[in-house]
Amino acid sequence: MPDYIRDHMQDYYDSEIVPARARNPGPVTTLLYLIARGLRVIFVVNIAPGTGHNTVEIDYFLRRLYSGELDRRARYIFLRLPTNFHIDTVALYRRHFWAASSNRFVRNLIAPVIAAHPEVRLDCGLSRLKWHLRDDLSFSRPPRGQSFLYQVSKEENRQAWLNYYRLRARTGSLTPLSDGLTPDLDLRAFLGSTERLALFHVKFHVANATAAPTDPSAYLEAMKFLKSEGYRVVHVGREPMPEVFKSLGVINYAESPVASYRHDLQLFAIADLAVTAGSGIALLPDCMGVPFVYLDSWHLGMPMASEHCVMVPALAIRKSDGRPLSFREQMDLYFEMADKGDEIFPSDIYAPRNATADEVLAAVRETLKLRDEAAALTEAQERFRALDRSGLMSLSRARVSDAFLRKHAALLSETRIGVTGS
């Protein structure tokens with residue numbers, strides 16, 4: 001069967017058949033539910049199908065499990081569809097579950113049970129999308145090509161992230177996502193050596209936290225510095241490697257035959273340093289405790305969690321007068337925008353300004369220094385943290401680059417002239 005037909009049929013099943021069977025269960029669905037209850041089975045759900053969310057939501061479950069937050073008498077089951085991405089997830093993390101499968105038939109058979117019954121599911125979702133019915137058994141028909149059954153508000157989603165960040169604070173010494181991960185033979189053969197790896201990621205597709213495509217030239221000074229320090233620089237992600245990287249001898253993992261989610265996880269687990277653009281891939285080093293620089297996200301109110309992270313955000317410049325929003329204004333921008341379901345930068349009103357070469361290099365230097373010696377927040381970093389009203393920054397242990405904050409010190413003003421994002 002052609003892939004597009006199969007995918008269309010799967011979307012139809014998830015968005016039409018699953019809610020119908022969940023609301024009007026037949027004998028098979030009812031029997032499966034009774035068996036699950038009798039065996040104390042809990043299905044781990046709402047792990048969104050994307051690198052960032054899959055990574056952080058698996059991490060969320062593992063931290064909840066190994067911190068003792070969850071009922072250890074329960075039998076946790078993880079079901080996914082048989083895409084390469086999901087197959088890799090099941091293969092690497094099967095040992096943490098009572099059962100894990102990427103078998104389409106098994107997943108589809110159980111889906112109506114999960115959709116209908118909150119008592120047999122554990123929601124580890126940190127996206128706004130839910131693949132089950134609301135408590136009153138209602139749902140919202142998803143857009144064409146999607147299968148989620150409803151979407152929560154930004155505020156409800158913020159509360160979920162707050163819960164995760166509190167868990168991160170309680171489990172700071174744990175890195176369950178990377179524990180036991182080692183490069184397999186294929187990845188070792190490609191890399192040649194696994195020593196002193198510095199991973200660099202660019203983002204050319206504008207979506208979510210990315211407001212403007214990466215300027216590859218902004219990375220060059222940092223790459224040259226790291227190579228002079230004996231690091232092997234690797235281009236990661238799936239974006240094509242920029243031509244300007246080739247002259248530096250950057251290893252092109254992103255376009256290699258071994259590039260896969262399985263190898264992404266193994267590669268980040270052994271990295272010494274990472275530099276990522278505003279994308280979900282940043283959650284790999286964040287969850288694994290790898291020192292990293294997080295660049296060019298316009299979501300100032302949505303920081304990374306790790307104490308090993310130094311951030312250099314994108315700035316929002318008002319098109320009407322060329323004035324950059326203050327940090328407080330930009331923090332509020334995301335939360336105060338009209339809740340239309342997406343999280344896209346309002347480019348009709350603002351122009352994004354990504355990190356410059358000197359800002360990237362300074363952040364890399366600060367990250368390496370923090371890796372070798374812990375340091376208290378600087379005065380500028382404390383002032384930035386005090387601006388946040390979402391609660392996430394106070395729970396995060398990441399920091400914005402001190403050099404960046406000193407360069408843009410005027411934006412630390414708390415004065416709000418008014419944010420227009422709707």
Considering all heavy atoms, the nearest [X]-[Y] contact:
X    : Y    : value
A74  : I42  : CB-CG1, 3.9 Å
Q381 : D402 : NE2-N, 3.4 Å
A222 : V360 : CB-CG1, 3.9 Å
A48  : H53  : CB-CB, 3.6 Å
L392 : G301 : CD1-O, 3.4 Å

[atom1]/[X]: more than 12 non-hydrogen atoms of other groups inside 6.0 Å:
X    : atom1 : value
Q146 : CD    : yes
R6   : CZ    : yes
I5   : CD1   : yes
E373 : CD    : no
F204 : CZ    : yes
E195 : CD    : no

Pair [X] + [Y], salt bridge at N-O below 4.0 Å:
X    : Y    : result
R188 : D184 : no
R196 : E229 : no
E366 : K369 : no
D332 : R389 : yes
R353 : E359 : yes
K203 : E239 : no
K319 : D348 : no

Nearest 0.5 Å please: distance from the [atom1] atom of [X] over to the [atom2] atom of [Y].
X    : Y    : atom1 : atom2 : answer
H235 : E255 : NE2   : CD    : 6.0 Å
I77  : I110 : CD1   : CD1   : 7.5 Å
I251 : F200 : CD1   : CZ    : 12.5 Å
R107 : Y13  : CZ    : OH    : 7.5 Å
D264 : D88  : CG    : CG    : 9.0 Å

Within 45° cone of [Y] ring axis and under 6.0 Å: [X] NZ or CZ:
X    : Y    : answer
K130 : F148 : no
R121 : F43  : no
R134 : F139 : no

* To do: Report yes or no: does H308 contribute a side-chain atom to a donor-acceptor pair with the main-chain N or O of V290 at less than 3.5 Å?
  => no

* Indicate yes or no for a side-chain donor-acceptor contact from E57 to the backbone of G52 under 3.5 Å, with no hydrogens or angles considered. => no

Residue pairs passing the side chain to side chain donor-acceptor pair (under 3.5 Å) test where at least one lies in [range], sequence neighbours excluded:
range            : answer
residues 70-85   : R40-D71, N54-R80, D71-R73, R80-H86, T83-H86
residues 267-291 : R168-D286
residues 91-101  : Y66-H96

* H132: what forms a ring pair (Phe, Tyr, Trp, His ring centres under 6.0 Å) with it, not counting sequence neighbours? -> Y150

* Residues forming a side-chain contact (heavy atoms from CB on, under 4.5 Å) with T367, sequence neighbours excluded -> L273, P291, V293, V310

* **Verdict with reasoning, E307 to R399, per salt bridge (Lys or Arg N to Asp or Glu O under 4.0 Å)** => CA-CA 7 Å; E307 64 184 334; R399 62 185 71 197; over 6 Å; no

* Hey, what's the ring geometry for F384 with F327, parallel, tilted or perpendicular (30° and 60° as the breaks)? -> perpendicular

* Anything under 30° is parallel, anything over 60° is perpendicular, the rest tilted; go ahead and classify H408 against F404. => tilted

* **Derivation and outcome, side chain to side chain donor-acceptor pair (under 3.5 Å), residues D14 and Q10** => CA-CA 6 Å; D14 287 343; Q10 184 66 57; 3.1 Å; yes

* Considering residues at least two apart in sequence or located in another chain, which fulfil the salt bridge (Lys or Arg N to Asp or Glu O under 4.0 Å) criterion with D388? -> none

